[in-house]
Protein chains: 2
Amino acid sequence: MERLPKKERHRRLARLIEDNPFITDRELTRLLKVSIQTIRLDRLELGIPELRERIKLMAERSFDAVRSLPLHEVIGEIVDLQLDRSGISIFEIRKEHVFSRTGIARGHHLFAQANSLAVAVINDEVALTATADIRFIRPVRLGEKCIAKAYVRSSGKRKARVEVATYVGEEMVFQGNFLIVRSAGAQQDGGGDRLADRD
Amino acid sequence: MERLPKKERHRRLARLIEDNPFITDRELTRLLKVSIQTIRLDRLELGIPELRERIKLMAERSFDAVRSLPLHEVIGEIVDLQLDRSGISIFEIRKEHVFSRTGIARGHHLFAQANSLAVAVINDEVALTATADIRFIRPVRLGEKCIAKAYVRSSGKRKARVEVATYVGEEMVFQGNFLIVRSAGAQQDGGGDRLADRD
DNA sequence: GCCCCTCTTAACACCAGGTACTAAAACCAG
DNA sequence: CTGGTTTTAGTACCTGGTGTTAAGAGGGGC
């Protein structure tokens, strides 16, 4: 068995761990034909954490993902609601809502809060978002409290235009115009709705 | 410190571990005021594996589910990506994405898929959504597979216009135009971004 | 009272999969 | 041959457990 140059071994090591993060150093010695100390020095040089740390990192990532996914029913806490007129909801940005790298909230959470509120403010059993026009005005960071205010600007029989502005303190961070449709049959917000702009 | 009945302690133990699987037996002793041996007997009775096994299980589950998407902070599975040109992602509507009453997907999930893809397709370390113009064309139902296709329509130094259309089969269900901004300093999609329409 | 029983705590040996450190051997180049 | 890197070996120690044995604590039954 000939020895590999160190660089090549590093490449292989990184590759092996990448596509099987559950491999132990001892198993790696068999595959790379070097001592366990060499494997460990290599990991050290490459900045690859030990098995348990690797596993833990994966688990934590998936835990966060599962936590943040639910995006269920109404996003944000509705603190005031005058049907067909206006509404206010509060949503606090937690760690499951931000990009871990930058601490900045992911856009769809702000959208979700605004969308949920726009739908809630319409006084109908079944209300669906048809179109939305949104602007992310400035990034929102971990820990900030987003206060979304919705006003119904025009309200027809089937369509309603709702304007939502989201603030952190005095500062507007998000703004959107939603076209909401009432009782278009059997659907409700979300997936969109029957009308969009063809009805 | 009064002792809890065993059954109650078991309930609490299970609960504690469920909503923080990363807790050690030693930490549990502090919370439940019993010895570490008792904690371990309890876990044995309840069939709750040790910390490392719990973590490993989570990691394995997520590894299977996630291994195809290296882009972890993306909603939907990216199956094709040509940076600065186009991208495709697939997202299956599960029960956690729909209104339980109607089985229709909530809008922000479709938005999240499209937004994630629009950001991913931009070849820049930090890309942020500035504005979006979206239409929900028809409701999407439980079990449907949404295929989002993104095309970069124009790509300047700082801004790029990305068009995303989402299909179920042949049918278009969602369409959006995103204005994405590159490297606006230290931020990233999500919360919106510096520019919106004032930069 | 005493015996029995469950529950709880203690103590000790052992394990995997490492880290951290020291030291010796192997290899290679100038 | 000598100096530097690279590799291997060995030891002590760590965490978060398992597995086992044993001893108390706190009843209830009769």
Side-chain angles (χ1 to χ4, degrees), chain A residues 1-67 95-96 100-101, chain B residues 1-67 70 72:
Chain A
M1 211 74 264
E2 49 168 324
R3 266 209 208 69
L4 293 165
K6 191 178 178 182
K7 272 202 161 184
E8 173 61 16
R9 193 187 58 227
H10 277 191
R11 263 195 299 278
R12 293 201 190 187
L13 180 74
R15 180 76 201 282
L16 282 166
I17 291 176
E18 182 153 359
D19 54 47
N20 177 15
F22 298 94
I23 197 166
T24 64
D25 288 356
R26 201 166 305 277
E27 290 174 295
L28 287 165
T29 64
R30 288 208 338 275
L31 298 174
L32 295 174
K33 311 286 184 197
V34 288
S35 73
I36 202 162
Q37 286 79 1
T38 301
I39 298 289
R40 284 165 182 173
L41 283 172
D42 286 355
R43 273 199 300 99
L44 201 69
E45 280 185 79
L46 295 171
I48 298 172
E50 61 168 290
L51 172 65
R52 285 155 174 167
E53 288 305 311
R54 294 193 304 264
I55 290 177
K56 200 174 171 190
L57 269 171
M58 285 198 290
E60 277 168 351
R61 271 214 307 269
S62 80
F63 195 57
D64 286 354
V66 169
R67 286 251 142 135
K95 64 175 184 304
E96 60 265 33
S100 47
R101 211 151 47 100
Chain B
M1 212 76 264
E2 50 168 323
R3 265 210 210 68
L4 292 164
K6 192 178 177 180
K7 273 202 161 184
E8 173 61 15
R9 193 186 59 226
H10 277 191
R11 262 196 299 277
R12 293 200 190 187
L13 181 74
R15 180 75 202 282
L16 282 166
I17 292 176
E18 181 152 2
D19 54 47
N20 176 17
F22 299 94
I23 198 167
T24 64
D25 288 356
R26 200 164 307 275
E27 290 174 295
L28 288 165
T29 63
R30 288 208 338 274
L31 298 174
L32 295 174
K33 311 282 182 201
V34 289
S35 74
I36 202 160
Q37 287 81 0
T38 302
I39 298 289
R40 284 165 181 172
L41 284 172
D42 286 354
R43 272 199 301 101
L44 200 70
E45 280 185 79
L46 295 170
I48 298 173
E50 62 168 291
L51 172 64
R52 285 154 175 166
E53 288 305 312
R54 296 194 302 264
I55 290 178
K56 200 173 170 189
L57 268 172
M58 285 198 289
E60 276 165 353
R61 271 207 307 270
S62 82
F63 190 59
D64 291 348
V66 168
R67 78 171 313 169
H72 50 279

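Within every chain, numbering begins at 1; the chains are lettered A, B, ... in the order of the sequence lines, protein sequences first and strands thereafter. Only heavy atoms go into these numbers, but all of them, side chains included; no hydrogens, no water, no symmetry mates.
- Put simply, CD1 on A/I17 and CZ on A/R43 are 6.5 Å apart, with the number rounded to the nearest 0.5 Å.
- A/R40 places none of its side-chain heavy atoms less than 4.5 Å from the side chain of A/Q37.
- Listed nucleotides D/dG16, D/dT7, D/dT8 differ in distance to A/V34; the shortest reach to its side chain belongs to D/dT8.
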Find every protein N or O atom lying less than 3.5 Å from an N or O atom of nucleotides 22-24 of chain D, and list the pairs.
none

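- Here the straight-line distance linking atom CZ of A/R12 with atom CZ of A/R15 works out to 10.5 Å at 0.5 Å rounding.
- C/dT9 atom P lies 13 Å from atom NZ of B/K33, rounded to whole Å.
- Counting heavy atoms from C-beta on, the side chains of B/R26 and B/I39 never come closer than 4.5 Å.
- Each of B/R9, B/K6, B/K7 was evaluated against B/D42; a single residue qualifies, B/R9, per the salt bridge (charged side-chain N to carboxylate O under 4.0 Å, His left out) test.
- Counting heavy atoms from C-beta outward, A/E50 and A/D25 have side chains that stay 4.5 Å or more apart.
- Residues from residues 35-49 of chain A lying near DNA chain D, meaning a heavy-atom separation below 4.0 Å, are A/S35, A/Q37, A/T38, A/L41 in numerical order.
- A donor-acceptor distance shorter than 3.5 angstrom exists from the side chain of B/R54 to the backbone of B/I23, with no hydrogens or angles considered.
- The shortest distance between side-chain heavy atoms of B/M58 and B/F22 falls below 4.5 Å.
- Looking at every heavy atom in both residues, B/K56 comes nearest to A/I55 through CA-CG2, 3.7 Å.
- Donor-acceptor pairing under 3.5 Å, judged by distance alone, is absent between the side chain of A/R52 and the base of C/dG18.
- Atom CG of B/L51 is separated from atom P of D/dG16 by 7 Å (rounded to the nearest Å).
- For B/R26 and D/dT15, the CZ to P distance is 9 Å, given to the nearest whole Å.
- Computed from coordinates, the A/I23 CD1 to C/dG18 C1' distance equals 15 Å when rounded to whole Å.
- Here the side chain of B/R9 is nearest to one of D/dG17, C/dT8, C/dG17, namely C/dT8.
- Atom P of nucleotide D/dG16 and atom CD1 of B/I55 are separated by 9 Å, given to the nearest angstrom.
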